[in-house]
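Indexing begins at 1, ligand by ligand and atom by atom, following the structure's order.
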Amino acid sequence: MEDLITIAMPKGRIFEEAAELLREAGFRLPPEFEDSRKLIIDVEEERFRFILAKPMDVPTYVEHGVADLGISGKDVLLEEERDVYELLDLKISDCYLAVAGLPRTKMNDVAPKVATKYPNLAARFFREQGEQVEIIKLNGSIELAPLIGLSDRIVDIVSTGRTLLENGLIEYERIVDITSRLIVNPVSYRMKDARIHELVEKLTDVIENKLALDRL
Ligand SMILES: Nc1ncnc2c1ncn2[C@@H]1O[C@H](COP(=O)(O)OP(=O)(O)OP(=O)(O)O)[C@@H](O)[C@H]1O
Ligand SMILES: O=P(O)(O)OC[C@H]1O[C@H](OP(=O)(O)OP(=O)(O)O)[C@H](O)[C@@H]1O
């Protein structure tokens, strides 16, 4: 279908908030949308197709054009640096990225080690600070690394701060605030501009209304 719009959705913790936002913007998503194990979900009467991907892979699908749009954490966009445009800050799933470690410790002078799920972002951050570090890529439980001597520091997401606290770690530096973004493939943006603009306008209204309510 020529004017079908495909949206890459991140499975996991962003998914429900993103689905709620889409419903509020008028999408008639099927009731089983949030519970399904299907990876492709068509909402035919609205000519939208959703594909469900790992959060870190969403920009890849959008860059390659197999998805026109995608929803992605800013952390993922900063790590992946894919050729996509960022259209809208959805203001959901907020958290931040920080440098953390054991209290009262200095980074090893000779070969400081930093464990993270975000190797590109972390390397860039320390390079910009003029610090040479060795990056150790992990896939989860990042807070474990300084506790057992794998690294001097970590670069990881902080949300409530509970994981740091319960593991006796402290934050040394806040790197960047994170929210989820709507991203678009540059070609789709030109070819399907009317439908994409319509969607962006609806989402913008919902986000602004929510912000106005929060301010009350
Ligand atoms: N406390 C948090 N921890 C991690 N990510 C968070 C948090 N709060 C919001 N986020 C957002 O959610 C996204 C990660 O979602 P999720 O944890 O489902 O994916 P994931 O890291 O690929 O998970 P996993 O590897 O455990 O399957 C991040 O990219 C970030 O933008
Ligand atoms: O500040 P908090 O509210 O404690 O949240 C932050 C923690 O949540 C994430 O881990 P996740 O739960 O995704 O598990 P993981 O270690 O397997 O990535 C993140 O990597 C932190 O460890």
ask   = Is the closest N or O pair between K54 and ligand 1 shorter than 3.5 Å?
value = yes

request  = Run the numbers for me: atoms of ligand 1, each under 4.0 Å from some heavy atom of K11, listed by number.
outcome  = 18 (O)

query = What atoms in ligand 1 come closer than 4.0 Å to a heavy atom of G73?
reply = 31 (O)

task = Give the numbers and elements of all ligand 1 atoms closer than 4.0 Å to a heavy atom of S93.
result = 9 (C)

request  = Check step by step if ring-ring contact (aromatic ring centres under 6.0 Å, His included) holds for Y118 and F125.
outcome  = CA-CA 11 Å; Y118 302 93; F125 174 76; over 10 Å; no

remark   = Heavy-atom proximity to atom 13 (O) of ligand 2 ranks first, among E166, R162, R13, for R13

key: Proximal ligand 2 atoms for K117, defined as those under 4.0 Å from one of its heavy atoms   = 18 (O)

D89/R181 ion pair, N-O < 4.0 Å = yes

ask   = Looking at CG of L199 and OG1 of T204, how far apart are the two atoms once the value is rounded to the nearest 0.5 Å?
value = 8.5 Å

key: From the candidates E17, R181, K117, M56, the one that places a heavy atom nearest atom 25 (O) of ligand 1   = K117

task = Considering the heavy atoms of G161, write down every atom of ligand 2 situated less than 4.0 Å from one of them.
result = 1 (O), 2 (P), 3 (O)

request  = Establish, from distance only, whether the side-chain atoms of E143 and T163 form a donor-acceptor pair under 3.5 Å.
outcome  = no

Pair R153, T105: side-chain N/O donor-acceptor within cut-off below 3.5 Å = yes

ask   = Taking only heavy atoms of I178, which atoms of ligand 1 are found under 4.0 Å from at least one of them?
value = 31 (O)

Side-chain ion pair, E34 and R23, N-O less than 4.0 Å = yes

task = Record the part of T160 in heavy-atom contact with ligand 1 below 4.0 Å; permitted values are side chain, backbone, both and neither.
result = neither

message = Students often mix this up, so state it plainly: with edges at 30° and 60°, are the rings of Y189 and Y85 parallel, tilted or perpendicular?
response = perpendicular

inquiry  = Under 4.0 Å from a heavy atom of V158: which atoms of ligand 2 are those, numbered in the order shown and with their elements?
reply    = 1 (O)

key: Cationic tip of R82 above Y61 ring, under 6.0 Å, 45° of axis   = no

request  = Check ligand 1 against V76 and write out every atom of the ligand that is under 4.0 Å from a heavy-atom position of the residue.
outcome  = 29 (O)

query = Heavy-atom contacts under 4.0 Å between T160 and ligand 2: side chain, backbone, both, or neither?
reply = both

message = Within the 3.5 Å criterion, strictly below it, is a donor on E171 or Y96 matched to an acceptor on the partner's side chain?
response = yes

task = Please confirm whether G140 comes within less than 3.5 Å of ligand 2 when only nitrogen or oxygen atoms on both sides are compared.
result = no

message = Could you identify the single nearest non-hydrogen protein atom to atom 1 (N) of ligand 1 and state the distance to 0.1 Å?
response = S159 CB, 3.2 Å

inquiry  = Ring centres under 6.0 Å, that's the criterion: do F15 and F33 meet it?
reply    = yes

key: Which residue and heavy atom of the protein sit nearest atom 13 (C) of ligand 1, plus the separation   = I14 CD1, 3.7 Å

ask   = Relative to the heavy atoms of G12, which atoms of ligand 1 are at a distance of less than 4.0 Å?
value = 18 (O)

task = Check the pair R49, E44 against salt bridge (Lys or Arg N to Asp or Glu O under 4.0 Å), reporting the backbone distance first and the verdict last.
result = CA-CA 8 Å; R49 163 170 288 177; E44 271 164 31; over 6 Å; no

task = Please could you name the atoms of ligand 2 that D156 approaches to less than 4.0 Å, counting only its heavy atoms?
result = 19 (C), 20 (O), 21 (C), 22 (O)

inquiry  = Checking a contact table here: which protein heavy atom is nearest atom 17 (O) of ligand 1, and how many Å away?
reply    = R13 NH1, 2.8 Å

key: Closest approach of any protein heavy atom to atom 28 (C) of ligand 1, naming residue and atom   = D75 OD2, 3.1 Å

message = Suppose I only count heavy atoms of I157 and a 4.0 Å limit; which atoms of ligand 2 are within that range?
response = 6 (C), 19 (C), 21 (C)

remark   = Quick note on ligand 2: atoms under 4.0 Å from a heavy atom of T163 include exactly 2 (P), 4 (O), 5 (O), 6 (C), 7 (C), 22 (O)

ask   = Is there a side-chain contact between T116 and K137 (heavy atoms, below 4.5 Å)?
value = no

message = Looking at E63 and V84, would you say the former's side chain and the latter's main chain have a donor-acceptor pair under 3.5 Å?
response = no

message = Quick test: of every protein heavy atom, which one is nearest to atom 19 (O) of ligand 1, and how far off is it to 0.1 Å?
response = P55 CG, 3.3 Å

task = List every atom of ligand 2 that sits less than 4.0 Å from any heavy atom of E143, numbering the atoms from 1 in the order shown and giving each element.
result = 21 (C), 22 (O)

request  = Decide whether an N or O pair under 3.5 Å exists between S141 and ligand 2.
outcome  = yes

Salt-bridge contact D68-K192 (side-chain N to carboxylate O under 4.0 Å) = yes

request  = Please check if any side-chain donor atom of E79 sits under 3.5 Å from a side-chain acceptor atom of N120, or the reverse.
outcome  = yes

